[in-house]
Amino acid sequence: MRITEREIIIPATDYDLPGTLSSGQAFRWREEHNSWIGVIGNHWVRLRSSSNSIIAEVAEPVTDWSWLVDFLQTHLELKSVLATFPKDEPLGNAIRACHGLRLLRQNPWECLASFILSSTKQIVQIQQIVELLCIRFGEPVPVPPGHSPAYAFPSAMRLAAATEAELRDCKMGFRAPYLRETARMIHSGEVILERLYGMDVDDARAELLKLPGVGRKIADCVLLFAYGFQAAFPVDVWVMKALQHLYFPKRRPSRKRLEKFTQTYFGPNAGYAQQYLFHYMRTKQVSRRSDRP
DNA sequence: TCAGACCCTCACAG
DNA sequence: ACTGTGAGGGTCT
């Protein structure tokens, strides 16, 4: 007989759970009483950090926890990843300031849809939009007694069936037609997200770029956060600021030159380096509002 | 390559 | 309190 439990202790060293869950790669995690509540697939999940481990609780007993371990990527030895970073001062600062920051491994559809909604939005706003989307279109999932309702991320089929007005009601503005059309193309099989796992990074990116509302930056986010392609290096306004300031102080590099740089300088775990730069810039630097005289 | 448009919300200045 | 303004993990034309 197999053991089913509602709780599991997952060994995890060098793992900053709050930092990772709030670092702008996933948008459905809320802090509550020193723990983090979210939904993975059809599972309501509560996570909390302990010494060298993460304690996870779900609503109903499960036997197979691989979906959670895969999401958290706890097996990855962070030290060996950080060891491949170039030994420069900016990254050194970021590593020191963001100790234990990790990359998650998310569901491709949820990640794709979420990042389509991310363009020119602040992270809190993205969280709000995704939340509304799940409440309105997601299937309810079981929650422990006493907890507020939770919903799975809505399927591509469901979102393709929604009207543009219904989507705009979720405060996503001009992103609504992008999300709707992308949902349709995924549901119809014009782009098959499962196939990207077996492709090389350039082919996988080309597939994502077929989708409306998906440009280079969002494609690279999905490649990195959902598929684990380490060659993907999303360049957003924060990372661009870091790159310009730290590595190209003289003049702005061309797009081609910048791509060459990010694909070579940061080494085999460039995607990880990107997340450290992003999180460092966003959380640890002097904010622009307070650095006025 | 280079604008400008695109929705909407929030923070902040006055 | 109330309005004006700017900007936010971009993409498309």
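The analysis underlying the following values was restricted to heavy atoms, covering all of them including side chains, and did not include hydrogens, waters or symmetry mates.
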Trainee: Which dot-bracket string describes DNA chain C (Watson-Crick N1-N3 plus N6-O4 or O6-N4, or G-U N1-O2 and O6-N3, all under 3.5 Å; [ ] crossing; | other strand)?
Mentor: .|||||||.||||

Trainee: Quick one: Phe278(A) CZ to dG10(C) C1', roughly how many Å, whole number?
Mentor: 13 Å

Trainee: Looking only at N and O atoms, is any donor in the side chain of Gln274(A) or the base of dG9(C) less than 3.5 Å from an acceptor on the other one?
Mentor: yes

Trainee: When we call it a touch if two heavy atoms are under 4.0 Å apart, what does Glu164(A) touch: a base, just sugar-phosphate, or nothing?
Mentor: nothing

Trainee: Between dC7(B), dG8(C), dG10(C), which nucleotide gets closest to the side-chain atoms of Gln122(A)?
Mentor: dG8(C)

Trainee: With a 4.0 Å cut-off on heavy atoms, is Lys171(A) in touch with a base, just the backbone sugar-phosphate, or nothing at all?
Mentor: sugar-phosphate

Trainee: I'd like to know if Lys256(A) pairs up with Glu259(A) as an ion pair, taking the criterion as any Lys NZ or Arg NE/NH1/NH2 lying under 4.0 Å from an Asp or Glu carboxylate oxygen.
Mentor: no

Trainee: Taking the P atom in each of dT3(C) and dC7(B), what is the distance between them to the nearest angstrom?
Mentor: 25 Å

Trainee: Rounded to the nearest angstrom, tell me the gap between atom CG in Leu258(A) and atom P in dT1(B).
Mentor: 12 Å

Trainee: Is the phosphate of dC2(B) approached by Arg252(A) (side-chain N or O, under 4.0 Å from OP1 or OP2)?
Mentor: yes

Trainee: So, using ring pair (Phe, Tyr, Trp, His ring centres under 6.0 Å) as the criterion, who are the partners of His43(A) when residues are at least two apart?
Mentor: Trp67(A)

Trainee: Starting at CD1 of Ile218(A) and ending at C1' of dG9(C), how long is that distance when rounded to a whole Å?
Mentor: 9 Å

Trainee: So, Arg175(A) side chain and Met172(A) main chain: donor-acceptor pair closer than 3.5 Å or not?
Mentor: yes

Trainee: Would you check if the side chain of Glu181(A) reaches a backbone N or O of Tyr178(A) as a donor-acceptor pair within less than 3.5 Å?
Mentor: no

Trainee: Record whether the side chain of Arg168(A) comes under 3.5 Å of the base of dC8(B) through a donor-acceptor pair of N or O atoms.
Mentor: no

Trainee: In whole Å, what is the span from the OH atom of Tyr280(A) to the P atom of dG9(C)?
Mentor: 19 Å

Trainee: Specify the separation, in whole Å, of atom CD of Gln127(A) and atom C1' of dG8(C).
Mentor: 13 Å

Trainee: Please determine whether a side-chain nitrogen of the Lys or Arg among Arg184(A) and Glu190(A) lies less than 4.0 Å from a carboxylate oxygen of the Asp or Glu.
Mentor: yes

Trainee: Gln128(A) has a side chain; which of dC7(B), dC2(B), dC10(B) sits nearest to it?
Mentor: dC10(B)

Trainee: Flag as yes if Phe174(A) stacks onto the base of dC7(B) (centroids under 5.5 Å, planes under 30°), otherwise no.
Mentor: no

Trainee: If you measure from the Lys or Arg side-chain nitrogens to the Asp or Glu carboxylate oxygens, is any gap between Lys217(A) and Asp220(A) under 4.0 Å?
Mentor: no

Trainee: Both Gly213(A) and Pro234(A) contact DNA chain C. Taking the nearest nucleotide for each, which residue is further toward the 5' end?
Mentor: Pro234(A)

Trainee: In whole Å, measure the gap between the P atoms of dG9(C) and dA3(B) for me.
Mentor: 22 Å

Trainee: Under the criterion ring-ring contact (aromatic ring centres under 6.0 Å, His included), which of Tyr272(A), Phe266(A), Tyr265(A) is the partner of Phe233(A)?
Mentor: Phe266(A)

Trainee: Without decimals, in angstroms, what is the distance between Leu209(A) CG and dT11(C) P?
Mentor: 9 Å

Trainee: Rounded off to whole Å, could you give me the CZ-to-P distance for the Phe27(A) and dG8(C) pair?
Mentor: 15 Å

Trainee: Please figure out whether Pro212(A) or Gln125(A) has its closest DNA chain C nucleotide nearer the 5' end.
Mentor: Gln125(A)

Trainee: If you look at every strand shown and take non-hydrogen atoms under 4.0 Å, does Ser23(A) touch a base, only sugar-phosphate, or nothing?
Mentor: base

Trainee: Does atom NZ (Lys79(A)) have a neighbourhood of more than 12 heavy atoms from anything else shown, all under 6.0 Å?
Mentor: no

Trainee: What nucleic acid atoms does Val214(A) come within less than 4.0 Å of, heavy atoms only: base, sugar-phosphate, or nothing?
Mentor: sugar-phosphate

Trainee: Can you check the Ile126(A) CD1 to dG9(C) P distance for me, whole Å?
Mentor: 6 Å

Trainee: May I ask you to say what Gly24(A) touches in the nucleic acid, namely base, sugar-phosphate or nothing, with a heavy-atom cut-off under 4.0 Å?
Mentor: base

